[in-house]
Amino acid sequence: YTVIVVIGGDGTFHEAVNGYIKAGGRAKGVRLALIPAGSGNDFCRNFRSYPKHNPSRILDAIIADEYVLVDAIRYQCAPSQVHQTSPSSGYYINGSSFGIRYWPGLGKLPYLYHGIKSYFVDYKPFPVEYTFVRPDGTQSVGCDRPFLFAVMNGRYFGGGLRVAAKAAPMDGKANLVNAHDMPFWRVLTSFLPGALFNWVSSISIPQNMRSGEVIAAQVQPLFDNDEILLEVDGEVAGVLPVRYQVVSNAIRFILPQF
């Protein structure tokens, strides 16, 4: 095969990306195309002119061999005893996070409701230690109680929530977002509205939120008995500890050129 066409949403594309990379798709010259047919379609949102509602334009791009090289992020995490997951490793294309959970496809207002519900009912912030490597090779370490901790390849998750405004899936870097030690008034007036209406960025962020570019990261619970669920492209993958590594130019992705 020279082209693999995926018809589906972010979850289906996630599975295709893992199979593509593990089979050495890029080295074999195979292109990966996506015709969006899911509830969230967050990966496509990274490309402003992507013809989400025009499959014929994507087919034209396949014929014309219009493609770009996009990054992926490799992750390795531990199994969950509660959710009975196995030790997990693989690749993702959008984002990985822990903290408040998101619900792909529900839309922005339901996310606001679930975000508030998570803050009071579903989620207890656990202390974590983290180490990350910047693009220049320098390392930083820290310890926080994140309300939301995400390592993003793209800008969006949860069906259009832009939590990493400076992320780009073709720059060889991930964007780390750490919303920590946030009182409820800050969550309600700054973080959630920022994600809903695209105010959250790497330049203008709340005092209790850190954001920056990384090429690798490692996060682990401060205490061994804390089981912290990890999500990858919207699905529970396991629990912390987790390691991340950016894989540059991992996929030949069909992208119509205008």
Side-chain angles (χ1 to χ4, degrees), residues 4 6-23 32 34-46 70-108 110-111 113-115 117-118 122-123 126 128 146-164 167 169 174-177 179 195 217-221 226-247 250-251 253:
I4 299 172
V6 179
I7 303 175
D10 294 313
T12 304
F13 194 57
H14 169 86
E15 297 295 333
V17 163
N18 275 268
Y20 175 94
I21 295 176
K22 292 173 183 177
L32 196 58
L34 174 62
I35 297 177
S39 56
N41 300 319
D42 282 321
F43 183 68
C44 299
R45 298 175 192 269
N46 292 291
V70 299
D71 307 326
I73 299 179
R74 177 171 172 79
Y75 73 94
Q76 293 177 288
C77 67
S80 169
Q81 300 298 324
V82 175
H83 287 73
Q84 298 181 342
T85 62
S86 301
S88 180
S89 65
Y91 303 86
Y92 66 88
I93 198 74
N94 276 327
S96 173
S97 65
F98 63 89
I100 61 167
R101 298 191 64 187
Y102 62 95
W103 291 261
L106 290 184
K108 293 183 176 182
Y111 182 84
Y113 163 75
H114 283 291
K117 180 174 177 288
S118 289
D122 299 328
Y123 182 65
F126 293 100
V128 299
F147 175 72
L148 174 69
F149 193 104
V151 178
M152 302 294 296
N153 189 42
R155 299 182 185 94
Y156 302 90
F157 69 11
L161 298 166
R162 190 173 72 171
V163 295
N175 194 273
L176 185 149
V177 177
Q218 178 174 340
V219 191
Q220 62 186 35
D226 290 339
E227 182 168 284
I228 304 174
L229 288 179
L230 179 76
E231 293 189 349
V232 172
D233 281 346
E235 303 292 337
V236 174
V239 298
L240 302 190
V242 60
R243 293 184 179 183
Y244 299 102
Q245 180 70 51
V246 176
V247 183
I251 303 161
F253 178 64

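The model shown is predicted, which means the values in this text are computed figures rather than measured ones.
With sequence neighbours excluded, the residues satisfying side-chain contact (heavy atoms from CB on, under 4.5 Å) with N41 are P36. Residues forming a side-chain contact (heavy atoms from CB on, under 4.5 Å) with T12 (at least two apart in sequence, or on another chain): V6. Under the ring pair (Phe, Tyr, Trp, His ring centres under 6.0 Å) criterion, F149 pairs with F98, Y130, not counting sequence neighbours. Residues meeting the side-chain contact (heavy atoms from CB on, under 4.5 Å) test with N94, sequence neighbours left out: D10, D42, F43, N46, D233. Take E227 and apply the side-chain hydrogen bond (donor to acceptor under 3.5 Å, both in side chains) test, not counting sequence neighbours, and it matches S80.
The two residues G154 and A164 come nearest to each other via the heavy atoms O-CB, 4.0 Å. Heavy-atom minimum distance, G95 versus M152: CA-SD, 3.7 Å. Taking all atoms of both residues into account, the shortest heavy-atom contact from P221 to D226 is CG-O, 3.8 Å. The two residues I21 and A72 come nearest to each other via the heavy atoms CD1-CB, 3.8 Å. Shown here for S97 and F157, the closest heavy-atom pair between the two residues is OG-CE2, 4.0 Å. A pairwise comparison of heavy atoms in A237 and V232 identifies CB-CG2, 3.7 Å as the closest pair.
Taken to the nearest 0.5 Å, the CD1 atom of I73 stands 3.5 Å off from the OH atom of Y92. Between the CD atom of Q76 and the CD atom of Q218 there is a distance of 10.0 Å, given to the nearest 0.5 Å. With values rounded to the nearest 0.5 angstrom, I251 atom CD1 is found 5.5 Å from F13 atom CZ.
Between the N153 side chain and the D71 main chain, a donor and an acceptor come within less than 3.5 Å of each other.
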Side-chain polar contacts of residues 239-247 - donor-acceptor pairs under 3.5 angstrom, sequence neighbours left out - could you list them?
{"from": "Y244", "atom 1": "OH", "to": "S96", "atom 2": "OG", "distance (Å)": "2.8"}
{"from": "Q245", "atom 1": "NE2", "to": "I215", "atom 2": "O", "distance (Å)": "3.3"}

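Side-chain atoms of I93 and P169, non-hydrogen and from C-beta on, never get closer than 4.5 Å to each other.
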